[in-house]
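I have placed the structure first, in the form of structure tokens, so that the comments after it can refer back to it.
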There are 2 protein chains.
Amino acid sequence: MSKPESTDGGQRTRRNRGSLSAQEIINGAFEVAEGISLDKLSMPELARHLGVGVTSIYWYFRKKEELLNAMTDVAVERFVRAMPPLTPGETWQRALRVHFAAQREFYGAHATMADLMLIRTSTYSRDATRRVFELEEALLAILIGQGFTPDNALHVYNAISVYTRGNIIHDRILRLSDTPTLDTRSRRLSDWRSMPILAALTAKYPLAGTSDEDYAFGVGRLLCGFEILLAEQPEAV
Amino acid sequence: MSKPESTDGGQRTRRNRGSLSAQEIINGAFEVAEGISLDKLSMPELARHLGVGVTSIYWYFRKKEELLNAMTDVAVERFVRAMPPLTPGETWQRALRVHFAAQREFYGAHATMADLMLIRTSTYSRDATRRVFELEEALLAILIGQGFTPDNALHVYNAISVYTRGNIIHDRILRLSDTPTLDTRSRRLSDWRSMPILAALTAKYPLAGTSDEDYAFGVGRLLCGFEILLAEQPEAV
DNA sequence: ACCTGAACACCGTTCAAGT
DNA sequence: ACCTGAACACCGTTCAAGT
């Protein structure tokens with residue numbers, strides 16, 4: 001306190017007015033979350049990382065939740081930017097495939113974003129909500145433009161969306177708990193004799209069901225089911 | 001069951017030796033979790049509920065995580081019991097439909113179980129793992145018995161499993177955060193003009209995509225896709 | 001062998017200041 | 001207007017006992 005201090009010894013000098021900002025806090029929060037994990041992100045830890053007193057953060061965000069919501073907004077922004085544009089004239093199958101594959105890839109590469117947007121589901125701001133809805137609207141337009149009724153288009157979108165999120169979330173949760181590998185899983189069972197089918201498949205596949213291959217299979221079956229639905233619909237006026 | 005305790009004054013008499021048990025603690029933990037929510041279940045809160053000192057719990061469970069794992073085991077036990085038996089000779093479509101509908105219903109009715117088994121994914125004991133695998137084995141046997149290759153049977157199982165879990169988890173997460181109803185969602189957008197499709201659908205459906213109707217649709221499309229897959233498979237030897 | 005409170009490190013948050 | 005530490009209530013966990 002007495003003198004402006006050099007950085008040695010764990011002492012921290014008082015920050016000047018205006019030297020901190022909401023943006024800097026948010027950025028720091030992402031750094032900490034990516035270094036540890038979102039649910040281990042704490043206010044003291046973040047303050048240490050930023051080199052400020054804990055309570056300084058509270059001037060910009062009155063609750064931790066407010067900070068998390070601000071982070072979510074940034075996450076949505078990046079998410080929307082990471083989605084590939086819809087190329088005009090492409091088939092609905094390709095549009096769905098590409099969009100949701102990009103979504104899965106984004107969350108796979110950015111675990112913190114998945115934790116923020118999928119597992120925590122903090123409230124989105126109006127702007128973030130709007131951006132996400134615009135994406136959905138564009139996909140629905142493609143589906144309807146190629147023959148789906150609006151109701152079916154929504155159901156199609158929801159089905160593949162829930163499947164994709166299920167894949168991502170389930171995978172993420174497995175990773176957050178202590179990553180039970182196939183080895184530990186199979187070791188856990190003393191006796192595979194009563195389960196010949198799983199015993200054989202276990203050697204070949206991880207059992208989580210969230211691999212790239214699994215995802216491709218699921219999407220393939222869904223698209224197949226959607227095609228039949230489209231064919232069975234009454235013809236367009 | 002007998003709770004000999006005075007709720008008055010906050011005073012607590014010393015419990016006799018043997019008056020507490022792992023089972024009683026687990027039961028109490030479920031009661032607290034169901035009363036509040038799993039992630040608000042704390043050791044002090046649980047001790048208060050049981051009328052014991054906090055540290056007494058630590059004689060039976062050396063970490064909170066140990067307690068949660070024990071709870072998970074009980075949950076798996078109840079889950080397996082809640083699954084309907086496979087009636088002999090039933091079609092694979094019906095077997096999948098009934099099994100996963102029961103799964104969804106179970107978690108829908110027992111939020112704490114969903115939090116324990118799906119969101120937290122604490123490590124299962126050998127016995128719990130075995131019980132779950134036996135269920136999966138039985139379903140795979142039905143699929144293979146009616147013509148699916150073992151590989152396809154596993155993929156089919158994984159696809160519908162991930163979709164079902166996605167539906168349950170997404171719904172649960174929405175409920176855990178402050179339940180954004182359709183009203184608040186639509187109110188959040190000042191301007192629906194650029195999104196005519198969603199504007200119209202919003203009036204008709206909740207946008208979460210996890211309703212009974214959504215689930216039935218998704219399962220229907222998956223089963224449809226599975227049927228095509230089965231038809232396209234090389235005929236059985 | 002079982003149950004206990006005191007005590008510690010950590011967290012989110014409030015408050016009454018300092019500059 | 002911005003940044004600060006002291007302080008509080010709460011949590012998970014350890015320890016050195018009591019019975």
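Chain letters run A, B, ... following the sequence lines, proteins first and then strands; every chain starts at 1.
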Just how far, in rounded Å, is [atom2] of [N] from [atom1] of [X]?
X     : N      : atom1 : atom2 : value
A/L38 : C/dC11 : CG    : P     : 14 Å
A/D39 : D/dC11 : CG    : P     : 18 Å
A/F61 : D/dC3  : CZ    : C1'   : 16 Å
B/L41 : D/dG12 : CG    : C1'   : 12 Å
B/E66 : D/dT14 : CD    : P     : 10 Å
B/L20 : C/dA1  : CG    : P     : 17 Å
B/Y58 : D/dT13 : OH    : C1'   : 5 Å
A/I36 : C/dC10 : CD1   : P     : 14 Å

Out of [options], which has the shortest distance to the side chain of [X]?
X     : options                : value
B/V54 : C/dG12, D/dT13, C/dT4  : D/dT13
A/M43 : C/dG12, D/dT13, D/dC11 : C/dG12
B/R48 : D/dG5, D/dC11, C/dA6   : D/dC11
A/W59 : D/dT4, D/dA1, C/dC2    : D/dA1

Check the orientation of B/F79 and B/F106. Use parallel for under 30°, tilted for 30 to 60°, and perpendicular for over 60°. perpendicular
Taking the six-membered ring for Trp, are B/Y205 and A/H155 parallel (under 30°), tilted (30 to 60°) or perpendicular (over 60°)? perpendicular
Is the shortest side-chain N/O distance from [X] to OP1 or OP2 of [N] below 4.0 Å?
X     : N      : value
B/S42 : D/dC11 : yes
A/S56 : D/dT4  : yes
B/S19 : C/dC2  : no
A/Y60 : D/dC3  : yes
B/K40 : D/dC10 : no

Does a salt bridge link A/R120 with A/D39, judged by any charged N lying under 4.0 Å from a carboxylate O? no
Can you tell whether the side chains of A/K63 and A/E66 come within less than 4.0 Å, N to carboxylate O? no
For D/dT19, the Watson-Crick or wobble partner whose two distances fall under 3.5 Å: C/dA1
For C/dT14, the Watson-Crick or wobble counterpart (both distances under 3.5 Å): D/dA6
Quick check: any donor-acceptor pair below 3.5 Å linking the side-chain of A/R14 to the base of D/dC3? yes
A/F30 six-ring face occupied by A/R78 cation (under 6.0 Å, within 45°): yes
How do B/R17 and A/T55 order along DNA chain D: which one's closest nucleotide is nearer the 5' end? A/T55
Over 12 foreign heavy atoms within 6.0 Å of CD, A/E105: no
